[in-house]
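Position 1 is the first residue of the sequence; numbering continues from there.
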Amino acid sequence: MTRAFDPPYTPLVRRDTDLAAHGFALLGAADVREWLATDASELEQLHRAWNDLPADGYLRDGGRYRRRRHSCFVVEGAAVTEAPHRAHWQPLEYNALHGGMQRWFEPMEPATTANPLWQRILVRVGEAVSALHGDRPWFVEAHPFRIDTTDGIGRPTPEGAHRDGVDLVAVFMLERHDIKGGESRVFEADGPAGQRFTLTDPWSLVLLDDARVIHETTPIQPLAQDQLGWRDTLVLTYRRNGFQGD
């Protein structure tokens with residue numbers, strides 16, 4: 001039986017057409033594994049790096065609930081080049097809470113970025129954005145996130161409903177551990193239509209045409225007061241003509 005907020009998954013064969021038609025597409029975990037030519041054990045091996053994410057020291061709400069890294073890449077066809085480490089920067093118009101700040105996060109570990117599966121992820125998402133906007137070099141920012149319930153509540157999107165100022169946003173759900181909440185919401189940027197759903201399956205994915213949709217994720221809470229819960233995601237943003245802040 002389909003529950004109220006089950007993800008409206010897109011079959012893999014309709015990924016590009018649904019993304020173009022609706023501004024977003026959701027892929028289930030099995031289709032993501034097929035798309036990436038991988039299996040659950042290989043994906044879990046990559047996910048182990050999320051156990052070593054430094055704390056985010058830039059949260060303006062005073063929270064301690066976010067851990068992350070940040071690395072940048074240029075993807076051109078099947079070629080992936082890691083860019084020199086740089087600050088993450090967004091304008092205030094896209095991030096009213098943290099915009100205008102140069103935020104220097106620790107880079108991803110070399111063992112992760114050298115993993116052939118990591119390279120394949122960047123290339124496959126690059127194919128999706130190229131199908132939407134045409135072939136070109138893509139400037140990619142990679143954000144491994146862990147949102148936890150250290151403060152009793154964790155906020156995946158403390159800036160609220162937003163766009164990112166890029167061409168495509170890819171959000172991979174990696175793990176939900178002993179939490180409730182974390183509902184994803186996607187709305188038309190210029191209209192009333194929207195979708196609400198909760199990603200639960202490891203390595204399910206939502207692709208967002210950033211110019212057309214606004215997105216947010218609701219706060220998480222632990223299932224029990226004496227438990228620490230967390231929500232692991234991988235967020236990739238693809239942008240033409242350079243990184244933000246260039």
Side-chain angles (χ1 to χ4, degrees), residues 2-9 24-29 32 40 43-44 46-70 88 90 94-99 101 103 105-106 108 141-164 169-187 194-208 210 213-237:
T2 300
R3 296 183 299 273
F5 301 134
D6 279 350
Y9 287 128
F24 73 98
L26 280 76
L27 297 181
V32 170
L43 290 166
E44 179 51 34
L46 185 67
H47 176 218
R48 289 173 192 157
W50 271 245
N51 292 323
D52 187 27
L53 298 180
D56 183 339
Y58 292 94
L59 286 169
R60 280 185 163 167
D61 63 3
R64 301 170 298 162
Y65 52 80
R66 184 157 75 181
R67 309 182 72 85
R68 67 188 298 177
R69 292 183 184 269
H70 171 249
H88 177 47
Q90 293 174 291
Y94 292 115
N95 190 327
L97 186 60
H98 298 114
M101 303 171 61
R103 291 181 284 168
F105 300 110
E106 290 296 317
M108 297 175 65
E141 297 194 47
H143 307 268
F145 284 113
R146 172 166 289 180
I147 308 299
D148 66 33
T149 59
T150 295
D151 297 328
I153 191 169
R155 295 177 174 85
T157 52
E159 64 272 41
H162 66 284
R163 291 166 51 215
D164 286 300
V169 179
V171 182
F172 290 88
M173 162 56 61
L174 273 61
E175 183 184 23
R176 291 171 57 93
H177 178 81
D178 290 341
I179 60 167
K180 56 187 175 182
E183 176 188 290
S184 298
R185 298 174 178 179
V186 180
F187 305 98
Q195 288 273 0
R196 302 166 61 185
F197 51 86
T198 303
L199 293 175
T200 58
D201 294 337
W203 291 94
S204 50
L205 166 66
V206 56
L207 298 169
L208 305 163
D210 190 60
V213 297
I214 296 169
H215 64 279
E216 67 175 336
T217 303
T218 63
I220 63 169
Q221 294 177 279
L223 289 178
Q225 281 191 327
D226 59 347
Q227 292 177 330
L228 178 69
W230 61 80
R231 180 180 186 267
D232 287 355
T233 57
L234 168 63
V235 177
L236 303 174
T237 64

| D151 side chain vs R64 backbone, donor-acceptor pair below 3.5 Å | yes

| message | W50: which residues meet the side-chain hydrogen bond (donor to acceptor under 3.5 Å, both in side chains) condition with it, sequence neighbours left out? | response | none

| Of E106, R68, R69, which is the lone residue that meets side-chain contact (heavy atoms from CB on, under 4.5 Å) with L53? | R69

| Where the side chain of T218 meets the backbone of E183, is there a donor-acceptor pair that is under 3.5 Å apart? | yes

| field | Any side-chain heavy-atom pair of T233 and R231 under 4.5 Å | value | yes

| remark: Those residues at least two apart in sequence (or on a different chain) that pass side-chain hydrogen bond (donor to acceptor under 3.5 Å, both in side chains) with T217 are none

| Nearest heavy atoms of V169 and V235, plus distance in Å | CG1-CG1, 4.1 Å

| said: Parallel, tilted or perpendicular: which one describes the rings of W230 and H177, with boundaries at 30° and 60°? | reply: parallel

| field | By salt bridge (charged side-chain N to carboxylate O under 4.0 Å, His left out) - contacts of R155 (at least two apart) | value | none

| task | Identify, with sequence neighbours excluded, every residue that meets salt bridge (charged side-chain N to carboxylate O under 4.0 Å, His left out) alongside D232. | result | R146

| said: Can a donor-acceptor pair be found, under 3.5 Å and without considering hydrogens, that links the side chain of R163 to the backbone of D210? | reply: yes

| message | With heavy-atom distances below 4.5 Å as the criterion, would you say the side chains of P8 and F197 are in contact? | response | yes

| message | If the condition is side-chain hydrogen bond (donor to acceptor under 3.5 Å, both in side chains), which residues does H215 pass it with, not counting sequence neighbours? | response | H162, D164

| Distance-minimising heavy-atom pair for A142 and M108 | CB-SD, 3.9 Å

| note | Sequence neighbours excluded, the answer for side-chain hydrogen bond (donor to acceptor under 3.5 Å, both in side chains) partners of E44 is H47

| request: Flag the pair P158 / L59 as yes when at least one side-chain heavy-atom distance between them is below 4.5 Å, and no otherwise. | output: yes

| said: Could you check whether any side-chain heavy atom of W203 comes within less than 4.5 Å of a side-chain heavy atom of L174, counting everything from C-beta outward? | reply: yes

